[in-house]
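Beneath this line is the structure, given in structure tokens, with notes to follow.
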Amino acid sequence: MTDRPVRTRFAPSPTGYLHIGGVRTALFNWLFARKHGGQFILRIDDTDQQRNVAEALQPILDGFRWLGLDWDEGPEVGGPCEPYYQSQRSERYASAVQTLLENGAAYRDYAKSEEVQAEREAAEKEKRSFVYSRKWMAESAEDCARFEAEGRTAIVRLKMPREGKLIVKDLVRGDVEFAWEREQDHVIQRADGSCLYHLATVVDEHDFKISHVIRAEEHLSNTPRQIYIAQQLGYELPEFAHIPFVAEPGSKTKLSKRKLEKYMKNRDFKALNDLGQTVASRIGLETSAETFNPVIVNFYEEVGFLADAVVNYLVLLGWSLDDKTEDFSREEMIENFSLERVNKAAASFDPPKLLSFQDRYMQKLEMKKKVAKCVPFLQKAGLIADPPDCNTAPRLTEILTAADDRIKVAGDILDFGAFFQSDEELQFDEKAFEKRIRKPEEAATLLKEFRDLLADASEFDAASLEKLLKDWVTSRGIKIGQIIHALRVATTGTAVGFGVFDSLAILGKESCLARMDRALAMVG
RNA sequence: GGCCCCUUCGUCUAGCGGUCUAGGACUCCGGCCUUUCACGCCGGCAACACGGGUUCGAGUCCCGUAGGGGUCACCA
């Protein structure tokens, strides 16, 4: 470990959405920086962006904000190392290329891409590993002139060592050895002067004074060339930590946003997705599989997950403290995080486990906050006014109290839409109505009898109603099951939900009677 | 295919030579609770990839095999 101030970074591409695997990587960077009192920096990889960057970046920044992963430097907040957008840093890259050229660590190459491709194929055919012949390498101004006279244009390649080895010291994996002869003369600058990723990354890391490069393991094999670039530029090397990637559910393959169709065949993934779709359709959210699915973090926000639950789940994907602790507050996470305890093997994304964290966090959430989380969903569904009137909070509190653990994500409040609809609007679930009201012989009669009893009730709280019904059931000589299901369907429209007496009390006498009358009328 | 990485219950993991008849969590399966649903509670199934070493002793160290994965761009 160096004694440099700790500075970590995450470099999202402005693609319009935040990938869950990327978030896990960002989280580890953030945690490490916070733990060591350092800075967490966001750099934007927008070099090959055709689209509107600001627009495509917004969901990503929103995602980070929602998760509570604050960045010390980067877009919107600025910082001493501006600019943080790669597209604005081309001069820095170009000057680094110039230095490399002057050092002899890079050269102008006049080969046409077909020519290099041909060499590559020939090598493949002979089953030897490909090494560029450097046939069109310009070593002097004369060479350049000669090649240019042939109508060729130059790109810049790294002049990589062709013997010896490099040991990459990795904080997660230990020492990893690479042979230089396997490395290629990678292109670092195109004919049009634009620079490539590896060069840009190394320059940025130096300019931003990044002390620890914590990234997914797919970058491990890129590390030698980056180290070479840094060394040739005279940069102090950062520490490297290659963390395992997040894998597909039930597989070790890297989780990707492109393989949704495959994931949908996974029962658990599909269930999570369906949950999201249900909420989305109830709030009239237009969704496309591209931008709204469980691989994308914004999905969780839209559906009403708690950021703390998502983060807690994610931190345990590839990291653990001990053999039993699973729940961590943000402070505890920061306090306990260490790269030494990061695993080496890929961890697959497991929707049920995420859901269980969400359940637990929701159960712990204080009522006031729960109410606040649910309000926007009711508004978007058009069930309450925006801004809410003064009845909303108390009523919602009553409902949430009665609903208890049944609200797993904030969007689940829409399961109880019946309490916000007018008596006339209430939709009866056809199947439930058939099974509980129309089909049982006595149901309608009993419902009518109880309705009249209810009409005379003086107390309309849950406890009184329960006593009322139970006494009546006893005196009438029937079982509670013969009336209670019909009662639920008649008043809430559905066969499932929280306690019937709570339901009646929340609805109030007037609504109960109106709804029961409607139901009875439907039986005919 | 070359190079590199990885390998404990279905999944996330604990385990850093004896405390492992391998622990926890999620899932799953029973049961209890119960007016439905959910929660909760109790119980259960389930793993050291394989083969060699080293050692008095190996899930833990070494080597090999197999399997999985990553990477081999004028993408990032």
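Labels below follow one simple rule: chain letters A, B, ... track the order of the sequence lines, proteins then strands, and each chain is numbered from 1.
When rounded to the nearest whole Å, the span between NZ of A:Lys324 and C1' of B:rC26 equals 17 Å. Put simply, CG on A:Asp404 is 10 Å from P on B:rG40, counting in whole angstrom units. Nucleotide B:rG70 holds its C1' atom 14 Å from the CG atom of A:Asp170, rounded to whole Å. Rounding to whole angstrom units, CG of residue A:Leu400 and C1' of B:rC39 are separated by 15 Å. For the pair A:Phe498 CZ and B:rA38 C1', the computed distance is 12 Å after rounding to whole Å. Between A:Leu316 atom CG and B:rA25 atom P the separation is 13 Å, expressed in whole Å. Counting to the nearest Å, the C1' atom of B:rG70 and the NZ atom of A:Lys254 are 8 Å from each other. If you measure from atom CD of A:Glu248 to atom C1' of B:rG10, you get 16 Å, rounded to the nearest angstrom.
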Checklist entry - Please walk me through it: do A:Glu449 and A:Arg476 pass salt bridge (charged side-chain N to carboxylate O under 4.0 Å, His left out)? => result CA-CA 10 Å; A:Glu449 276 182 44; A:Arg476 188 68 169 66; 2.7 Å; yes
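Comparing B:rC74, B:rU36, B:rG70 against the side chain of A:Arg406 picks out B:rU36 as the nearest. With B:rG69, B:rA25, B:rA76 as the choices, the nucleotide that has an atom nearest any side-chain atom of A:Lys353 turns out to be B:rA25. Distance from the side chain of A:Ile484 is smallest to B:rU35 among B:rG15, B:rU35, B:rC12. With B:rC12, B:rA25, B:rA76 as the choices, the nucleotide that has an atom nearest any side-chain atom of A:Leu317 turns out to be B:rC12. For A:Gln363, counting side-chain heavy atoms from C-beta on, the closest listed nucleotide (B:rG70, B:rC39, B:rA76) is B:rC39.
Contact between the side-chain N/O atoms of A:Arg190 and the OP1/OP2 oxygens of B:rC75 is found at a separation under 4.0 Å. Of the side-chain N and O atoms in A:Arg436, none sit less than 4.0 angstrom from OP1 or OP2 of B:rC37.
Residues A:Phe419 and A:Phe498 place their aromatic rings such that the two centres sit under 6.0 Å apart. Taking the six-membered ring for Trp and the full ring otherwise, A:Tyr263 and A:Phe349 have centroids separated by 6.0 Å or more. Between A:Phe305 and A:Tyr361, the ring centre distance reaches or exceeds 6.0 Å. Under the 6.0 Å cut-off for aromatic ring centres, A:Phe328 and A:Trp319 qualify, their centroids lying closer than that.
On a pure distance criterion of 3.5 Å, no polar donor-acceptor pair joins the side chain of A:His186 and the base of B:rA73. Side-chain atoms of A:Arg488 and base atoms of B:rU35 include a donor and an acceptor less than 3.5 Å apart. Within 3.5 Å, no donor on the side chain of A:Lys408 pairs with an acceptor on the base of B:rA38, nor the reverse.
Tested against A:Asp185 for a salt bridge (charged side-chain N to carboxylate O under 4.0 Å, His left out), the candidates A:Arg162, A:Arg225, A:Arg157, A:Lys159 yield a single pass: A:Arg162.
In terms of position along RNA chain B, the nucleotide closest to A:Ala179 lies nearer the 5' end than the nucleotide closest to the other residue of the pair A:Leu354 and A:Ala179. Take the nearest nucleotide of RNA chain B for A:His198 and for A:Ser348: the residue whose nucleotide is more 5' is A:Ser348.
Counting non-hydrogen atoms of other residues, nucleotides and ligands closer than 6.0 Å to CZ of A:Arg108 gives a total of 12 or fewer.
Below 30°, between 30° and 60°, or above 60°: for A:Tyr228 and A:Trp180 the angle between ring planes is above 60°, a perpendicular geometry. A perpendicular orientation is assigned to the rings of A:Phe64 and A:Phe10, their planes being inclined by more than 60° (bins at 30° and 60°).
Of the residues in residues 112-124 of chain A, A:Ser113, A:Arg120 come within less than 4.0 Å of RNA chain B through at least one heavy atom, sorted by number.
Look at B:rG1: its Watson-Crick or wobble partner, with both distances under 3.5 angstrom, is B:rC72.
No hydrogens or angles considered: nothing links the side chains of A:Asp429 and A:Thr494 as a donor-acceptor pair under 3.5 Å.
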Checklist entry - When you check every protein heavy atom under 4.0 Å of nucleotides 4-9 of chain B, what one-letter string (B, S, -) results, 5' to 3'? => result SSSS--
